[in-house]
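Down below is the structure, laid out as structure tokens.
Hydrogens, waters and symmetry mates are skipped; everything else that's a heavy atom, side chains included, is used. Order of the sequence lines sets the chain letters (A, B, ...), proteins ahead of strands, with each chain counted from 1.
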Amino acid sequence: MRRLWIGLTYLVFFVLIAAPLGRMTMGAFSEGWSGFWNALTRPEALHALLMTGYVVVVVTLLNTLFGIMTALYLVRANWLGRRLKSLLNSIVDLPYAVSPVIGGLMIVLLLGPDSALGALFEQIGVKIVYAFPGMVIATLFVTFPLMVREVMPVLQEIGSQQEEAASTLGAYGWTTFWKVTWPSIRWAVIYGVILTVARSLGEFGAVLVVSGNIMNRTQTATTLVYQDVENFNVTAAGGIALVLAAFSAGLLLLMEWSKRRKGGH
Amino acid sequence: MHVEVRGLDKHFGDFHAVKDVHFGITKGHLIGLLGPSGGGKTSILRMLAGLETPDSGEIIFHGRAVNHLPPQEREIGFVFQNYALFKHMTVFENIAFGLKVKKASKSVIRDRVTELVELTGLKGFESRYPHQLSGGQRQRVAFARALAPEPQLLLLDEPFAAIDAKIRQELRSWLRELIERVGITSIFVTHDQDEAIEVADEIMIINQGRLEQKGTPWDIYKEPKTPFVATFIGESTLIGSASELKGFEGAGGGKPTKALIRPEYIEVGHLHEFKIASATEQGVVKHLHFRGSEWLVEVEINGHKLVTYRSLEKETLTPGQEISVLVHRAYLFNEERSWIQENGLKKDPMPVFI
Amino acid sequence: MNSLIRHKGWTWGFRSTVVLYFVILIVLPILGVYYNSFSSGLGSFTESVSDPIAWKSVLLTLKLAVIAAITNVLLGTMIAWVLIRYKFRGRALLNSLVDLPFALPTAVGGLMILLLLGPGSLIGGLAESLGFTIVFHQPAIVIAMVFVTFPFVIRAVQPLLEELDASEEEAAYTMGAKPSRVFFQVILPSMAPGMIGGGMLAFSRALAEFGAVVLVAGNIPGRTLVSSVYIFGEVESDNPAGAAAVSIILLTLSFLILWLISLMQMRGRRS
């Protein structure tokens, strides 16, 4: 029995994860090293990777900052009524339920060139949809719950007494946060950052809709993979995908590591 | 620091936690806030600290209203029930925190922390982390940390609740001494009457958000002002109708009046042991419990069960034995008032008419 | 009291920034979609939805997501069981690999499946010689959905199995119960909340999946065109109203599931 179950488990992992991964690696190198290298050093590929990098950096910064603040408010603030707090708390999860394509569509509807807001921005010369800001907003929408959901349970667990103790000892908000709260939530934040990087690196649906996938302008690594596949350029797609997969695997290792630290601290 | 509180009121949603509380505290006194859990003691303490904002009322330190001041500026020390030590800081860093925040110089910090470490008997533990300490040691760190910035008022929320019964006893007398030596005005919250009676100069009894009585432990014990205080402090038995007791006929002037009777108000024995036999009543011994240093006796008179203690030196009683019972005094109360009344027959000797 | 967020002048600035961020980023866009699809009346909404391509795509998505979720409940429960109950070589590795589909960009996942099962590949060729194709047909979509939602059930069941007290099982054995009986009456009931919760999460994620699916589905209306791809197509062909109409069906469904899950969790916590 035991053997059968373990064997079956290995089989599932092989079929679902190892084989596709291996096949993609083979695909990327089907034209040898040079094929792989050429796929990566195409100008549009370099630009797409750069674009993904920019989005990841901006989104991670914003999401970390606002995620921590939102978590702090949702757990600690008593200027929000209890009902309002529980309502906001359930809204945090909404992006999980929203298909990325729909997330992208929302932003096009709200800020697209045909919308009132979009027209307004266009007039001051800021293009949002089919441009970098739109891609950042779309990715922010998708990654919003990640940081909040990592930090909130830790804040709830440590309680507010240590912070209150600090305030009775004369420490104001800023000192209290850095000296008392931050050391406790540090590992949760790091874990949240890794999750955010992974998610924004791989975001596809929302960015595809919002960016318009314009080559050398708004194309990201994932949307380039899509375009390559549409153009039947499987080798090139495989090359980019392999780079992305390598990043993801690295992030997965980091996740395992920070999970251990988070649990152990 | 002289503390005065006027008309303090606080709601949490629909819950009326603190109702129109007034009191004043003399400088240097140690005050116990005593009452059942959920009665509003902790809310009062947290409002004094500035951790909660009162709905209305004034808090006055040294003649100055501090309602608008945040906790940082009230010059208080607060010891939390679970100590709330900074768990990622060592004992030294914990105690030094308040001084560092005030930007005290390194040498001042070192001297003050060393002094407090010695005062609290934590020498040798300076570089330990809270999770490496026992409950009692954590408690001492919490004291030292609260005292480090030299506060004017020390507030303690159930300071001994999380400590083993045995060490608790030790810590109580230690705290009493420490506070006397430092000479700081202190208020502590507790639900344990022994703790309050033993440690406090003055006790405030808080129930359902109201201040029921304030006074020295002896005053409160001797002259409870409300039925709640009478039942809460000491042991007592409640008798539904006071006039059914011998010597209390007509108590309350015909109004339905209840009586609370403490064990030490009652004397039991053979008829010949009493000076005024006419004030006694016949009862039956129901149960006897050995309490280490005395007997706890349950007697029944007129269908009422009363509890009293009896010295081991006296003749041992047996259950079912008939016995004379004298109720020396009772705490009586009805809807209008409450008072202590002595047994009428005892004080009213017959020979007056001769 | 929040002594933390109390720094006089900053307070209002911080508060309003966070609330605004929240409203603009999350609330406004979602309301926007609902508003947009009903803005020109209920008529245009029903018109958009009654387009056979549209409603067929919704039905197809539901059907395939159900199949994918059930597959995952079965596979996931088995894997969770094996990873918790048996000690064997490579267990730790497999346990970390479980999260890979979360970490991997979905488009990469789609490409991997495309390459593995596509017409030129070994497996694809084998299937073709047997007379059916996988890629660009419904099986490929299901596989993509299973891949993307792979970790949900495993991660939901694992902690329950870990918590399960061995003495409960042993007690059943001492009372003479057969292994199969113990499994169905002791172990399965304690895994059930994780299986249901994880399965619902997997289902809602499968409903929403786009990246992996768009690469392997043939996007043939009525047969392999799922809703998210349909929505994308409508956006591309400049028909946001049609896209919004199908979107709100999908959205409402997802919200319903999210709500059910949180309801379940609340009940679970209470008991």
Quick one: which residue pairs count as a salt bridge (charged side-chain N to carboxylate O under 4.0 Å, His left out) with a foot in residues 77-101 of chain C, not counting sequence neighbours? K259(A)-D99(C), R85(C)-E169(C), D99(C)-R155(C)

Side chain from CB out, backbone as N, CA, C, O: work out which of these in V27(C) comes under 4.5 Å of a heavy atom of chain A, or both, or neither. side chain

Heavy-atom pairs under 4.5 Å with chain C: which of R2(A), E256(A), M69(A) has the most? R2(A)

Residues of residues 98-108 of chain A with any heavy atom under 4.5 Å of a heavy atom in chain C: V98(A), S99(A), P100(A), V101(A), I102(A), L105(A), M106(A)

Between F255(C) and Y96(A), does the ring centroid distance fall short of 6.0 Å? no

So which residue, T17(C), L117(C), I30(C), ends up with the most heavy-atom pairs under 4.5 Å with chain A? I30(C)

Which of F88(C), W259(C), F147(C) touches chain A most, by non-hydrogen pairs under 4.5 Å: F88(C)

Residues E163(A) and T181(A): side-chain donor-acceptor under 3.5 angstrom: yes

Under 4.5 Å from any heavy atom of chain A, what part of F150(C) do you find: side chain, backbone, both or neither? side chain

Is L28(C) close to chain A through its backbone or its side chain, or both, or neither, when contacts mean heavy atoms under 4.5 Å? both

Bottom line for V235(C): the part with an atom under 4.5 Å from chain A's heavy atoms is side chain

Quick one: what part of F144(A) sits under 4.5 Å from any heavy atom of chain C, side chain, backbone, both or neither? side chain

Name the region of I26(C), side chain, backbone, both or neither, that has any atom closer than 4.5 Å to a heavy atom of chain A. both

Pick from T70(A), V225(A), L251(A): which one has the most heavy-atom pairs with chain C under 4.5 Å? T70(A)

